[in-house]
Amino acid sequence: QVQLVESGGGLVQAGGSLRLSCAASGLPFSIYAMGWFRQAPGKEREFVATISFSGGLTLYADSLKGRFTISRDNAKNTVGLQMNSLKPEDTAVYYCVGASSGIATPRADRWDYWGQGTQVTVSS
């Protein structure tokens with residue numbers, strides 16, 4: 001049974017930082033691409049970042065480049081998302097995703113597994 005469990009969300013003031021983590025189990029993590037999406041209240045799900053199975057390729061939403069950094073540890077089956085200079089518009093539920101293709105992609109329909117999500121709230 002595949003599980004993706006996010007942690008690290010919470011309430012932070014604008015300009016602050018948070019680090020999200022996703023622990024994966026039940027899948028061959030080292031061959032899976034991993035990523036993050038988010039969904040704010042009343043808005044559509046949005047691509048955040050993705051990393052290839054080897055970690056050699058990372059992709060980010062254009063609006064988040066320079067503030068967010070995705071990383072992975074294949075020895076620990078975890079993927080992280082470091083979020084800096086947070087803004088109120090970053091408030092959303094953040095979801096960890098995994099793809100057996102191993103290919104990093106911003107397309108939501110290419111991801112096989114989704115976590116339950118973790119809430120990030122940025123106050124102004």
Side-chain angles (χ1 to χ4, degrees):
Q1 180 181 357
V2 175
Q3 283 192 312
L4 301 177
V5 180
E6 302 95 337
S7 61
L11 175 63
V12 64
Q13 288 189 333
S17 298
L18 277 177
R19 179 174 176 81
L20 304 183
S21 185
C22 172
S25 61
L27 53 78
F29 185 81
S30 64
I31 67 171
Y32 267 59
M34 301 298 295
W36 294 91
F37 283 73
R38 69 184 184 183
Q39 188 165 21
K43 295 188 177 181
E44 293 188 354
R45 186 172 50 192
E46 176 186 25
F47 166 71
V48 174
T50 177
I51 187 167
S52 63
F53 70 97
S54 67
L57 173 66
T58 56
L59 298 173
Y60 296 92
D62 287 342
S63 62
L64 302 177
K65 287 179 182 178
R67 294 196 299 123
F68 287 18
T69 303
I70 190 170
S71 61
R72 67 187 295 156
D73 186 336
N74 284 354
K76 296 181 178 179
N77 286 10
T78 59
V79 59
L81 183 69
Q82 178 67 41
M83 305 185 294
N84 298 328
S85 302
L86 284 163
K87 305 174 181 180
E89 51 263 44
D90 294 318
T91 295
V93 176
Y94 284 71
Y95 297 93
C96 176
V97 295
S100 60
S101 67
I103 298 173
T105 173
R107 290 184 53 171
D109 62 347
R110 296 299 176 90
W111 296 91
D112 302 303
Y113 299 104
W114 293 71
Q116 293 297 309
T118 186
Q119 176 71 48
V120 171
T121 303
V122 184
S123 63
S124 58

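Within the 3.5 Å criterion, the main-chain N or O of Gln116 finds a donor-acceptor partner in the side chain of Glu6. Distance alone, capped at 3.5 Å, places no donor-acceptor pair between the Arg45 side chain and the Gln39 backbone. Without hydrogens or angle criteria, Asp112 side chain to Val97 main chain gives no donor-acceptor distance under 3.5 Å. Within the 3.5 Å criterion, the main-chain N or O of Ala104 finds no donor-acceptor partner in the side chain of Ser52. The main-chain N or O of Thr50 is never found under 3.5 Å from a side-chain atom of Tyr60 such that the two would form a donor-acceptor pair.
Between Asn74 and Asn77, the closest heavy-atom pair is O-OD1, 3.3 Å. Across all non-hydrogen atoms, the minimal contact from Ala40 to Thr91 is CB-O, 3.5 Å. Annotation for Ser124 and Ala14: closest pair CA-CB, 4.4 Å, computed over non-hydrogen atoms. Of all the heavy atoms in Tyr94 and Asp90, the pair that sits closest is OH-O, 2.6 Å. Taking every heavy atom of both residues into account, Trp111 and Ile103 meet most closely at CH2-O, 4.4 Å. Across Asp62 and Lys65, no two heavy atoms sit closer than the pair OD1-NZ, 3.3 Å.
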Audit row: Leu59, Ile70, side-chain contact (heavy atoms from CB on, under 4.5 Å) steps and yes/no: CA-CA 9 Å; Leu59 298 173; Ile70 190 170; over 6 Å; no
Worked verdict on Val48 versus Met83 for side-chain contact (heavy atoms from CB on, under 4.5 Å): CA-CA 11 Å; Val48 174; Met83 305 185 294; over 6 Å; no
Arg19/Ser7 under side-chain contact (heavy atoms from CB on, under 4.5 Å): CA gap, chis, key distance, verdict: CA-CA 9 Å; Arg19 179 174 176 81; Ser7 61; over 6 Å; no
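With rounding to the nearest 0.5 angstrom, the CZ atom of Arg38 is 14.0 Å from the OG1 atom of Thr118. Considering CG of Asn84 and CG of Leu64, their distance stands at 12.0 Å, rounded to 0.5 Å. Atom CG in Leu57 sits 8.5 Å away from atom CD1 in Ile51 (nearest 0.5 Å). Note that CZ of Arg67 is 6.5 Å distant from OG of Ser85, once rounded to the nearest 0.5 Å. In this structure, the separation between CD on Gln1 and CG on Leu27 is 11.5 Å, given to the nearest 0.5 Å. Within the model, atoms CD of Gln3 and SG of Cys96 stand 12.0 Å from one another, a figure rounded to the nearest 0.5 Å.
When the side chains of ILVMFWY residues are joined at heavy-atom separations under 4.5 Å, either directly or via intervening members, Met34 and Val120 end up in a single hydrophobic cluster. Both Tyr113 and Ile31 are assigned to one and the same hydrophobic cluster, defined by single-linkage of ILVMFWY side chains at heavy-atom distances under 4.5 Å. In terms of hydrophobic clustering, with Ile, Leu, Val, Met, Phe, Trp and Tyr side chains grouped at heavy-atom distances under 4.5 Å, Phe29 and Leu4 are assigned to a common cluster. Hydrophobic cluster membership differs between Leu20 and Trp114, with clusters built from Ile, Leu, Val, Met, Phe, Trp and Tyr side chains linked at under 4.5 angstrom. Note on Val79: it clusters hydrophobically with Leu18, by side-chain heavy-atom contacts below 4.5 Å among ILVMFWY residues.
Looking only at side-chain heavy atoms (C-beta outward), Ser17 and Gln82 come within less than 4.5 Å of each other.
For Phe47 and Phe37, the ring centers are positioned less than 6.0 Å apart. If you look at Phe68 and Trp36, their ring centroids are not closer than 6.0 Å.
Side chains of Asp73 and Thr78: a donor-acceptor N/O pair is absent below 3.5 angstrom, by distance only.
Annotation: cation-pi pair Arg72/Tyr32 absent, no NZ/CZ under 6.0 Å from the ring centroid and within 45° of its normal.
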